Amino acid sequence: MVCSAGAFYVALLCLVLLIVLNTVEIVSRYFFHYSFTWIQEVSLLLVSWMIFLGFARVVVEKQDIAITFFVDKLPQKYVKPVQLLNHVLMFGVSLYLCIRTISLISIQLDKTTEIAGLPYTLYLLPLAAAMLMVVLQSIVGAIEIMQQWNAREGQRSG
Amino acid sequence: GGGTSASQDDGGETEKETAQPIELKLGTKMPESTPEGEAFQYFADLVKEKSGGELLVQVYPAEQLGKGTTQIDNMILGTQDMYAEGITYFQDYDSRTELSSVPFLFRDFEHYQKFNTGEIGLDIQETLIENGMRILNTERNFVRGPYRVLLSTRPVKSVDDLQGLKVRAPESAIYVDAYKHLGANPTVVAWTETYLALKQKVVEAVTSPISLVWGMKFSEVAPHVTIIDEHPQDVVIVMSEKSFQNLSEEHQQILIDAANEAGEKATELVEEAAERDLERMKEEHGIQVYDINREEWEKKMEPFFEELDESGQFPEGTIEQVRNIR
Amino acid sequence: MVIGLTLFAVFIILLFAGLPVSYSMALSTLVALLMGDYSTEILSLTVVEGVQSYILLAVPFFILAGNLMNATGITQRIFDFSAALVSHIRGGLAQVNIVASMIFSGISGTAVGDQAGLGAIEMKAMMEKGYSRSFSAAITLASSVIGAIIPPSVPFVVYAYLAEVSVAKLFTAGIVPGLVIAACLMLYTFIVSKYGWVTVPPEEPFEPRKVFRTFLDGFFALLAPLVILGGMLGGVVTPTEAGLLAVLYALFCSLIYREFNWRTIGGAFRQTVLTTAVIMFLVGVGTSMGWVVSAEQLPIVMSNFLLGLTDNKLTMLLLINLLLLFLGSLMEGIPIKLILLPILLPIIDSLGIDRIHFGVVMSYNLLIGMATPPVGLGLYVMSSVGKISFEKMVKAILPIYIPLIAALLILTYIPALSLWLPQLLFD
Ligand code: NA
Ligand code: NA
């Protein structure tokens with residue numbers, strides 16, 4: 001999916017920036033006895049974006065940890081319905097979480113971090129974005145399963 | 001959420017009051033076994049006693065309900081009823097709460113208490129109420145600490161000794177700026193890593209309320225203890241205004257009285273504990289204790305106060321007003 | 001209590017139905033929040049705040065360090081040196097497998113990093129020499145556990161964050177236990193090879209010149225653990241920055257060895273973001289789940305129950321170990337820590353068990369869970385890396401629980417193994 005691919009590049013960029021910023025901090029502290037006090041807050045912001053945008057990609061690439069052991073043991077005719085149900089649940093949870101996050105953002109617009117004064121909203125935003133992407137992905141996943149299902153039904157009757 | 005509403009039967013007995021007590025969740029940071037933790041339990045017991053069991057305060061110690069900011073959000077969202085911590089946690093709602101952590105702004109705890117219960121303090125209380133939170137301990141007598149110390153690997157007796165000293169800093173812009181102004185070199189280090197940082201000379205000094213020093217073993221690696229008490233601290237027991245207004249006036253008064261009495265008790269407990277700790281540190285870590293000439297440090301801070309007053313961080317003239325409280 | 005039980009029931013059902021672990025936790029938490037009439041914004045709030053810790057910043061760094069070692073061929077050098085060093089011992093390459101994991105562990109922070117990178121090299125070498133696929137895969141999986149015990153270690157970072165102990169201290173506490181686990185595995189391999197319970201090809205003669213040559217070839221790679229630990233214990237860097245140091249050092253090695261290649265390094269970054277996202281999202285959602293557990297006062301109920309069973313330190317440790325082994329077979333280590341630590345910490349504190357010692361025991365116990373069906377992530381990874389079916393993988397690992405559990409008991413009941421080094425260095 002295009003949007004999660006784009007988001008993933010942002011996540012990668014965050015990792016690179018994390019490395020650069022913290023390297024600057026070590027060098028500066030060790031050689032120049034100067035500590036950039038805002039680097040920790042900015043680092044945590046970058047972590048937030050890296051994790052949540054990265055997670056959207058994890059879902060697309062199906063790399064999240066799931067226990068398929070029991071589902072695989074089910075009789076064939078139950079497997080697809082259970083998988084479909086899982087996509088519906090992911091859709092529901094992500095949509096709900098996305099809406100709640102936005103409502104949380106709306107009541108925390110004035111909140112800022114202690115040193116750099118970054119808006120707290122910036123920390124919440126990537127979660128809302130990631131959940132939106134998972135919503136889209138679970139629709140795509142559900143459609144795929146239904147297509148496979150129809151194809152098999154078609155074969156059987158044909 | 002917090003207050004379980006008394007459920008009523010469908011039958012004709014609607015008039016009859018159900019004996020269901022009202023449960024209130026109080027989240028705190030300190031563990032149960034600390035003097036502060038004991039004071040919170042004392043508060044809960046008092047409330048139960050005074051209300052004849054109609055109000056039950058359940059204490060959740062040791063950040064069980066999340067970090068400070070999370071717990072404040074919980075109160076606003078109505079998920080928890082009370083949170084007890086330092087007032088600076090509320091700076092998102094009123095920037096003046098941060099005044100309490102400006103080093104050397106207050107002469108002593110009495111000055112600080114007068115500020116809290118005076119004009120500005122009451123105004124802060126109003127702002128918090130507008131934001132859905134109410135300070136219960138109106139007397140602001142819940143002493144934390146009871147005083148602050150600077151622990152260092154070398155003696156710090158005057159401002160001169162502070163020059164270039166690598167001081168562990170918490171994540172607070174004012175703290176960092178103030179210590180830079182005093183000539184120190186503040187470095188942000190996580191609280192739990194401070195002991196090692198001191199041992200390995202990543203930092204050379206740390207400031208802390210005396211109550212936390214023994215537990216963190218700081219005096220073992222930084223045996224020079226300067227009583228600087230650069231900013232007095234207190235703990236506020238804050239309640240969600242919504243939960244507060246759901247209670248009868250009688251119950252409201254019970255909470256306020258109990259909170260103030262708990263503050264007195266806490267002060268007693270922390271003072272006892274501090275003396276005990278100091279003795280142990282002298283015996284086991286061989287610490288040296290120094291006092292400071294407060295005027296010297298306050299004088300050095302003058303330009304900083306002026307800058308701060310002009311920075312627009314606080315309403316104009318606030319710093320001056322605070323300093324003039326007698 | 002009802003809400004708490006519902007929380008876990010819903011969680012287990014969803015988990016077994018194949019919903020990702022993170023979503024099973026999120027949905028069961030949501031159900032509990034709605035049942036308890038809590039505001040559901042708390043879920044978003046705790047997910048975001050759960051990952052806002054400067055200490056946890058070490059996690060991506062230590063994962064990246066391992067991935068970079070794998071991507072730039074440094075892992076191969078570590079393996080070659082290990083091969084020259086111990087392939088003359090009975091059990092040959094199986095012993096090499098264990099020693100290589102031990103050395104690799106000095107720079108990588110996760111067991112999965114060991115399985116996916118070093119594991120592939122070890123599997124290939126063992127298969128070529130005629131070891132059975134199942135034994136090779138099993139010993140690779142078992143030894144990968146060491147990767148997260150000898151510092152740096154991601155599970156230790158998470159524990160230190162939750163139990164509020166010093167990361168650096170916990171890291172040092174892991175060194176000796178890592179060696180103990182390796183010794184147990186090597187002894188096991190020696191015995192099963194000697195008595196022919198596992199058919200292994202004859203061991204190879206010891207060649208000092210080969211040891212010397214591979215040592216020179218891998219010199220900078222072998223130096224890595226010293227640089228990282230030294231940096232941290234010498235006070236140059238904080239534990240979080242030690243992770244960064246590991247990353248920079250891995251990049252430095254790739255330049256020295258002329259293995260720097262934008263494509264493979266890009267791949268290492270890519271995999272790091274994905275792995276970190278999986279782990280940290282679990283941390284976030286686990287924080288939410290832990291929040292409900294606390295708010296419903298389950299910690300007090302549970303710890304009163306446990307303390308009611310016994311107040312003997314040794315028996316309690318046994319009970320906790322059994323509980324953790326059971327839960328570890330059903331859940332990932334991180335959520336278990338998030339949910340259980342609020343319950344366990346007061347217990348171990350009251351019985352006078354050291355938090356650092358307990359961190360080693362708990363983390364290692366949960367790492368065994370990674371190799372335990374049905375929910376052993378390591379089993380899934382190794383069955384894919386080793387091209388072996390899940391069932392065969394499970395069967396192959398069974399006998400190796402003997403040395404793994406033996407090491408667990410040793411580490412549980414001899415606290416000095418964990419505490420001696422940190423006490424020596426820090427006290
Ligand atoms: Na191995
Ligand atoms: Na390691």
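Naming convention: chains lettered A, B, ... in sequence-line order (proteins, then strands); numbering from 1 in each chain. These numbers come from a predicted model, not from an experiment.
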Quiz item: Is the gap between the ring centers of Trp262(C) and Phe269(C) under 6.0 Å?
Solution: no
Practice problem: Examine the side chains of Gln52(C) and Ser48(A) and answer whether a donor and an acceptor come within less than 3.5 Å of each other. | Solution: yes
Self-check item: Geometric cation-pi criterion Lys392(C) and Phe390(C), 6.0 Å radius, 45° cone
Solution: no
Practice problem: Tell me, for Leu53(A) versus chain C, whether the close heavy atoms (under 4.5 Å) come from the side chain, the backbone, both or neither. | Solution: neither
Practice problem: With a 4.5 angstrom heavy-atom cut-off, could you sort out which part of Thr275(C) is near chain A: side chain, backbone, both or neither? | Solution: neither
Self-check item: Under 4.5 Å from a heavy atom of chain C, the part of Val58(A) involved
Solution: both
Quiz prompt | Thr287(C) and Glu49(C) side chains, donor-acceptor separation under 3.5 Å | solution = no
Exercise. If the plane angle is over 60° it's perpendicular, under 30° parallel, otherwise tilted; pick one for Tyr23(C) and Phe55(A).
Key: parallel
Exercise. Return the option, out of Leu46(A), Leu97(A), Val82(A), with the maximum number of heavy-atom pairs under 4.5 Å with chain C.
Key: Leu97(A)
Quiz item: Given a strict heavy-atom distance threshold of 4.5 Å, which part of Phe16(C) is in contact with chain A: side chain, backbone, both, or neither?
Solution: both
Quiz prompt | Choice from Gln63(A), Met90(A), Lys62(A) maximising heavy atom contacts with chain C below 4.5 Å | solution = Met90(A)
Quiz item: Would you call Glu61(A) and Arg57(A) a salt bridge, using N to O less than 4.0 angstrom?
Solution: yes
Exercise. Tell me, for Glu41(A) versus chain C, whether the close heavy atoms (under 4.5 Å) come from the side chain, the backbone, both or neither.
Key: neither
Quiz item: Is there a donor in the side chain of Asp64(A) and an acceptor in the side chain of Ser22(C), or the other way round, less than 3.5 Å apart?
Solution: yes
Practice problem: Using only heavy-atom distances, determine whether the side chains of Ser43(A) and Asn22(A) contain a donor-acceptor pair under 3.5 Å. | Solution: yes
Self-check item: Segment of Leu274(C) engaging chain A (4.5 angstrom heavy-atom cut-off)
Solution: both
Quiz item: Is it the backbone or the side chain of Leu127(A) that comes under 4.5 Å from a heavy atom of chain C, or both, or neither?
Solution: side chain
Self-check item: Contact class of Ile279(C) relative to chain A, heavy atoms under 4.5 angstrom
Solution: neither
Exercise. Quick one: which residue pairs count as a ring pair (Phe, Tyr, Trp, His ring centres under 6.0 Å) with a foot in residues 102-121 of chain A, not counting sequence neighbours?
Key: Tyr120(A)-Tyr123(A)
Practice problem: Establish, from distance only, whether the side-chain atoms of Ser329(C) and Thr372(C) form a donor-acceptor pair under 3.5 Å. | Solution: no
Quiz item: Side chain, backbone, both or neither: which part of Leu15(C) has an atom under 4.5 Å from a heavy atom of chain A?
Solution: both
Quiz item: Taking Leu64(C), Val51(C), Leu14(C), Leu282(C) one by one, which has the highest count of heavy-atom pairs under 4.5 Å against chain A?
Solution: Val51(C)
Quiz item: If you count heavy-atom pairs under 4.5 Å with chain A, which of Thr40(C), Thr272(C), Leu27(C) comes out on top?
Solution: Thr40(C)
Exercise. Select, from Leu56(C), Val273(C), Thr276(C), the one with the greatest count of heavy-atom pairs under 4.5 Å involving chain A.
Key: Val273(C)
Quiz item: Which residues in residues 244-254 of chain C have a heavy atom less than 4.5 Å from any heavy atom of chain A?
Solution: Leu244(C), Val247(C), Leu248(C)
Quiz item: Thinking salt bridges, do Glu144(A) and Lys80(A) make one under a 4.0 Å N-O criterion?
Solution: no
Practice problem: Evaluate whether atom OH of Tyr9(A) has more than 12 neighbouring non-hydrogen atoms of other residues, nucleotides or ligands under 6.0 angstrom away. | Solution: no
Practice problem: Pick one of side chain, backbone, both or neither for Val59(C), based on which atoms fall under 4.5 Å of a heavy atom in chain A. | Solution: neither
Quiz prompt | Met289(C)/Ser28(C) under side-chain contact (heavy atoms from CB on, under 4.5 Å): CA gap, chis, key distance, verdict | solution = CA-CA 8 Å; Met289(C) 198 164 168; Ser28(C) 54; 4.2 Å; yes
Self-check item: Max heavy-atom pair count under 4.5 Å with chain A, selected residue of Pro60(C), Ala26(C), Ala277(C)
Solution: Ala277(C)
Self-check item: Geometric cation-pi criterion, Arg100(A) with Tyr96(A): 6.0 Å, 45°
Solution: yes
